[in-house]
Protein chains: 2
Amino acid sequence: MAAAPAIRLAVDAIVFGYREGRLFLLLIQRRFGATKGMWALPGGFVLSSEGLTTAVHRELKEETGIAVKWMEQLFTFGDDVHRDPRGRVVSVAYFALVDPSALKPHADTDASAADWFPLDELPKLAFDHSTIVRTALDRLRAKLTYQPIGFELLDRDFAFSDLETLYTTILERPLDRRNFRKKFMALGLLKATGKSRQLGSGRPAQLFRFDRKSYETLQQKGIFLDLNAG
Amino acid sequence: MAAAPAIRLAVDAIVFGYREGRLFLLLIQRRFGATKGMWALPGGFVLSSEGLTTAVHRELKEETGIAVKWMEQLFTFGDDVHRDPRGRVVSVAYFALVDPSALKPHADTDASAADWFPLDELPKLAFDHSTIVRTALDRLRAKLTYQPIGFELLDRDFAFSDLETLYTTILERPLDRRNFRKKFMALGLLKATGKSRQLGSGRPAQLFRFDRKSYETLQQKGIFLDLNAG
DNA sequence: ACAAAAGTGTTCGCTTTACACCCATGT
DNA sequence: ACATGGGTGTAAAGCGAACACTTTTGT
């Protein structure tokens with residue numbers, strides 16, 4: 001076969017943030033082209049000299065100023081030949097989880113703005129980015145049941161109730177507090193810090209921290225954390 | 001951003017076949033270029049006018065003569081900039097399961113040969129195709145535990161023991177016959193045909209057929225079929 | 001009769017689930 | 001004292017795992 005026709009390859013980043021019981025999505029406002037002014041996922045074209053993973057990290061950094069440690073490949077979108085008005089663009093989507101309070105996005109050259117949006121109040125998105133976000137959400141929910149998450153989304157020290165709220169927020173359904181705590185504790189990836197925290201009234205909550213080693217081990221292994229009722 | 005540099009986009013097909021207690025992989029022998037004479041996964045460059053899924057099906061058909069109904073996107077390989085000696089090529093890998101007895105591969109213009117290889121006797125593969133195959137195998141094994149498979153791999157009518165052998169072959173470990181049967185039957189996706197079959201001596205086996213409707217339903221839903229001991 | 005493959009139930013232990021009250025602190 | 005959020009135990013049911021013999025046929 002001769003040289004391939006000009007398909008352009010892009011990467012997109014779905015960055016979920018969690019704060020105070022709400023899930024957020026990181027978006028940028030497009031500065032150029034037919035989609036100028038619309039909100040979209042951070043992303044852009046892959047350079048021929050860089051790997052895909054490098055490319056997403058670079059684009060994310062360039063467009064929002066945010067650096068994340070880890071992104072997971074989600075899916076490659078390229079069945080619809082017209083998904084991008086600029087021509088044939090195939091996009092490899094990656095997703096990440098971060099604590100948004102630590103990361104103030106700032107717009108850069110390619111974006112006129114960058115900001116966090118609550119998941120239930122997303123603006124209309126450019127391209128097929130709504131589909132991509134939906135796919136990412138599905139994956140995130142599925143991921144909860146076979147891998148621990150939270151490390152990237154919570155403060156270093158957190159109360160158990162923070163973890164519970166995180167899970168109920170993502171799953172959009174309640175969990176049984178006792179059962180959830182029992183199961184999660186049994187995984188042995190939380191360390192008590194000895195410290196405690198109090199918000200207004202109520203009994204102070206003891207603070208925990210993830211044990212990084214076991215956390216990463218469990219992430220690899222694919223554990224079970226059946227979460228029907230918690 | 002200006003026009004993207006010339007990255008070429010390819011698709012590769014990992015087609016697993018199952019027959020008589022063995023897993024096979026469909027390979028083609030490369031006819032051109034630096035990898036001439038080597039075995040590789042069927043695949044090739046995506047045309048700018050076609051979707052990714054269309055592209056894999058087309059390439060598979062062109063190179064091996066085999067048409068499959070369904071392929072699942074596996075992963076996109078593009079972190080290694082030098083994975084292809086022809087330049088920068090990013091490949092979207094898809095995998096499929098078929099009954100190889102119904103599908104005699106024949107080489108076509110781009111391949112000098114196409115054939116089934118037992119998984120444990122693969123030749124050295126071109127590019128990073130060994131890595132891709134390994135990834136596909138991991139996925140296939142994982143898939144077994146949350147989705148029913150078998151429909152695509154067995155004859156329309158099959159004995160229960162065929163199904164059992166299929167599972168033990170893929171998982172490479174024995175299953176408890178009684179438990180496996182109990183669980184699988186409980187899913188309610190097998191219909192008795194009333195017919196039976198006998199191979200040499202031994203009690204004849206009654207033949208089953210998949211109930212297509214429930215099969216597809218369960219594939220969507222993501223069911224649980226814990227298979228530690230079967 | 002024996003060899004070969006198909007078919008079938010029960011028991012035990014663990015995990016999941018459902019469920020409600022007390023604790024520590026602030027106001 | 002009451003409001004607020006944090007923290008805890010137990011019993012019942014269901015599921016997964018382990019385990020061996022009988023049936024039907026050919027030779």
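Computation of the quantities below employed the complete heavy-atom set of this structure, encompassing side-chain atoms and omitting hydrogens, waters and symmetry-equivalent molecules. Values in this document were obtained by computation on a predicted structure and should not be read as measured data.
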Exercise for the section: Classify the ring geometry between B/Phe117 and B/Trp39 as parallel (under 30°), tilted (30 to 60°) or perpendicular (over 60°). Expected result: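 Geometry flag for B/Trp39 against B/Phe117: perpendicular rings.
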
Between [options], which nucleotide has the shortest distance from any of its atoms to the side chain of [X]?
X        : options               : answer
A/Gln198 : C/dT25, D/dA18, C/dG7 : C/dT25
A/Arg178 : C/dT25, C/dG9, C/dC19 : C/dC19
A/Arg203 : C/dA24, C/dG9, C/dA20 : C/dA24
B/Ala205 : D/dG26, D/dC19, C/dA6 : C/dA6

Using whole Å, what does the distance between atom [atom2] of nucleotide [N] and atom [atom1] of [X] come to?
X        : N      : atom1 : atom2 : result
A/Phe184 : D/dT8  : CZ    : P     : 16 Å
B/Asn179 : C/dT11 : CG    : P     : 15 Å
B/Lys183 : D/dA18 : NZ    : P     : 10 Å
B/Leu207 : C/dA6  : CG    : P     : 11 Å
A/Leu199 : C/dA24 : CG    : P     : 18 Å
A/Phe158 : D/dG5  : CZ    : P     : 20 Å
A/Phe180 : D/dG6  : CZ    : P     : 13 Å
B/Arg197 : D/dG26 : CZ    : P     : 15 Å

Using OP1 and OP2 only, check whether a side-chain N or O of [X] sits under 4.0 Å from [N].
X        : N     : result
A/Ser161 : D/dG6 : yes
B/Gln206 : C/dG7 : yes
A/Ser201 : D/dA3 : no

Handout entry: B/Ile132 versus B/Leu74, closest heavy-atom pair with distance
Key =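 Shortest heavy-atom contact: O-CD2, 4.0 Å.
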
Handout entry: Closest approach of B/Leu207 to B/Arg197 (non-hydrogen atoms, all atoms of both residues)
Key = CD2-CB, 3.7 Å

Classify the side chain of [X] versus the base of [N] as yes if they form a donor-acceptor pair under 3.5 Å and no if they do not.
X        : N      : result
A/Arg177 : D/dG7  : yes
A/Arg181 : D/dG7  : no
B/Lys182 : C/dT10 : yes

Exercise for the section: Go through the side-chain N and O atoms of B/Asp211 and B/Ser214 and say whether any donor and acceptor fall under 3.5 Å apart. Expected result: yes

Practice task
Decide whether A/Ser91 and A/Asp12 meet the rule of one side-chain donor and one side-chain acceptor closer than 3.5 Å.
Solution key: yes

Handout entry: Position toward the 5' end of DNA chain C (nearest nucleotide), B/Phe208 or B/Gly202
Key =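 That would be B/Gly202.
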
Practice task
For C/dT17 and D/dA17, measure between their P atoms and round to the nearest Å.
Solution key: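 Nearest-Å result for C/dT17 against D/dA17 at atom P: 16 Å.
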
